[in-house]
There are 2 protein chains.
Amino acid sequence: MPSLPSGFLGDLDPTSDRAVFRQIADQLREAIDRGRFKEGEKLPSEAELVDHYGVSRMTVRNSFSVLQGEGLVHAEHGKGVFVRPRPPVRRLASDRFARRHREQGKAAFIVEANAAGSHPQVDSLEVKEEKASQDVSTRLGSVRRVLARRRRYLLDGRPVEFATSYLPLDIARGTPIAEPNPGPGGIYARLEELGHRLDHFEEEIRARMPSPAEVKTLRLASGVPVIHLIRTAFDAEGRAVEVCDTVMAADAYVLSYQLPAT
Amino acid sequence: MPSLPSGFLGDLDPTSDRAVFRQIADQLREAIDRGRFKEGEKLPSEAELVDHYGVSRMTVRNSFSVLQGEGLVHAEHGKGVFVRPRPPVRRLASDRFARRHREQGKAAFIVEANAAGSHPQVDSLEVKEEKASQDVSTRLGSVRRVLARRRRYLLDGRPVEFATSYLPLDIARGTPIAEPNPGPGGIYARLEELGHRLDHFEEEIRARMPSPAEVKTLRLASGVPVIHLIRTAFDAEGRAVEVCDTVMAADAYVLSYQLPAT
DNA sequence: CAGGCATACTCGTATAGACGAGTGGGCAAG
DNA sequence: CTTGCCCACTCGTCTATACGAGTATGCCTG
């Protein structure tokens, strides 16, 4: 027999035209917002809410699915439904590709994560030549084939970002850029050594719900969108020398940009 | 009696350990991805899928709810379930606040929308003095009360963005900035006239699922995240003179930034 | 012909029940 | 005491049924 739910929740309004499962979702949402249920805490079980409200189990589950879609809670099989904790956020500053950061040697992600006191990892490294997609080809100026560098970034064991860099073969082939580890300062440092002095970057940002594949590689909870960032790097001659396609768990990132007013 | 579904869908694999509703969702998703069902097109009805797969209606609905959560489809009561069309996208360039754009007179949103051939509107205008939230107060440098300018932007009748500007009272009170229509060039032009020469902007970008209130004001379909943008404007003395808090329908925007490589 | 109603289709909401599977604690056997 | 099993509790999946409410169509009535 399930014990009584902790008196945080009110009653239903039978006269309301608001659907019962919405009323329940509303009450739970409000209780969470007011901090009655804290981050990571367990909500009343389905059985308890069935008892408390006198509704059927599917109705309670329906309420939970509303909150799940809002990214407020997540269910764990065999354990319960929990208030989703806000993970530590990685802040991307707009000067993160400044030359001065590149001169230190270590990869930006590692340095930054260490500074924030978290444990960074990079995995799923893959470097290979392949056919450029229509989009990448357009951005790089009609190239056929490209060098693709894929990798996944993790913070304290949690995957937060999956990125692929595309470079024209005439630039990258046979250079350290085509190696799994391109050396200190990353591929941007190598590009400059190869005579492609970087001039500026262009970043395009979208947000959307993840595909099933993205849910898998980023281990995303339901109700968590992704930020899709496409960066193009231009050298001093105005040539696009790299396109980097990045998909980030939206709950792990804040992007920050500085714009001149001129 | 519902007619037969259009032969696009396969059978279930009873030996698979993948849940039936997921298998159905997979098949529908693939059919959509392959263009078997086009944008705006109606999917087979629940009854038709019940017949086709020989499952109960709740199982079919469960499949639909998966696809809805992914933002792929949306249901219309009394009509059917449709492939969600991708709305026209508004592209925000990082130079959109450049002084040269301000000198023309009309508001940026209007000019830009007209150029793109769409019909822009601004509504829900509200200008009032109020207590600054903790966050706004911090960003503006410990001000107590602020002038808040709220407005909603629509494109071809569809709400796409809801924005609130906060300005310190000592700057805005009694000026055209406190009027519903601040005049040509918007509040940034007025700020400069008042001696606050704008130096740069800082923008913070997050993506998340919308709150119920945001779903309402932006008329968001389920499975559509929002982009939350917080911009702070700094004058030549380094003082924060405005904070603009913007919530955008993520399916209506692409943000674009230009970063120097130095 | 025009208006209104009936009807059949659509999805929305809710109930009641069944079984499966993951988790964790307690109890019993070794 | 340790090991292993059982059981209670959790959410996951699925069925079957019922009624409500929005939409579109076509027929019937005036």
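In this text, all values refer to a predicted model and were calculated from it rather than measured experimentally. Letters go in sequence order (proteins before strands), and every chain restarts at 1.
- Using a cut-off of 4.0 Å between Lys/Arg side-chain N and Asp/Glu carboxylate O, Asp251(A) and Arg206(B) are scored as not salt-bridged.
- Ion pairing between a basic and an acidic side chain is recognised when a charged N comes within 4.0 Å of a carboxylate O; Arg18(B) and Asp13(B) show no such pairing.
- Side chain of Met58(A), nearest nucleotide from dA16(C), dG12(C), dA14(C): dA16(C).
- Interface residues of residues 61-84 of chain A facing DNA chain D, ordered by number: Arg61(A), Ala75(A), Glu76(A), His77(A), Gly78(A), Lys79(A), Gly80(A), Val81(A); criterion, heavy-atom separation under 4.0 Å.
- For residues 14-23 of chain A, proximity to DNA chain C is found at Ala19(A), Val20(A), Phe21(A), Arg22(A), defined as any non-hydrogen atom under 4.0 angstrom from a strand atom.
- Residues from residues 24-32 of chain B that place a heavy atom under 4.0 Å from any atom of DNA chain C: there are none.
- Across the protein-nucleic acid pair, Arg57(B) atom CZ and dG20(D) atom C1' stand 11 Å apart, rounded to whole Å.
- A parallel orientation is assigned to the rings of Tyr257(B) and Tyr257(A), their planes being inclined by less than 30° (bins at 30° and 60°).
- The side chain of Thr59(B) places an N or O atom within less than 4.0 Å of a non-bridging phosphate oxygen (OP1 or OP2) of dT15(D).
- Atom C1' of nucleotide dA8(C) and atom CD of Glu46(B) are separated by 16 Å, given to the nearest angstrom.
- Without hydrogens or angle criteria, His52(A) side chain to Asp11(A) main chain gives no donor-acceptor distance under 3.5 Å.
- For the pair Lys42(A) NZ and dT10(D) C1', the computed distance is 8 Å after rounding to whole Å.
- For NZ of Lys42(B), the number of neighbouring non-hydrogen atoms (other residues, nucleotides, ligands) closer than 6.0 Å is greater than 12.
- The interatomic distance linking Leu49(A) (CG) with dA14(C) (C1') rounds to 16 Å, in whole Å.
- Between Arg61(B) and Glu46(B), at least one side-chain nitrogen of the basic residue sits less than 4.0 Å from a carboxylate oxygen of the acidic one, meeting the salt-bridge criterion.
- The pair Glu204(B)-Arg139(B) meets the salt-bridge criterion, with a side-chain N (NZ, NE, NH1 or NH2) lying under 4.0 Å from an Asp/Glu carboxylate O.
- For dT10(D), the OP1/OP2 oxygens have a side-chain nitrogen or oxygen of Ser45(A) closer than 4.0 Å.
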Note to self: With salt bridge (charged side-chain N to carboxylate O under 4.0 Å, His left out) as the criterion, how do Glu130(B) and Arg150(B) come out once you've worked through the C-alpha distance, each side chain's angles and the decisive distance to 0.1 Å?
What the structure shows: CA-CA 12 Å; Glu130(B) 59 185 45; Arg150(B) 273 173 244 283; 2.6 Å; yes
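- Checking Arg151(A) against Thr164(A) by side-chain atom types alone, no donor-acceptor pair falls below 3.5 Å.
- Here Glu70(B) does not pair with Arg208(A) in a salt bridge; the nearest charged N to carboxylate O distance is not below 4.0 Å.
- No side-chain donor-acceptor contact under 3.5 Å links Gln23(B) and Tyr53(B).
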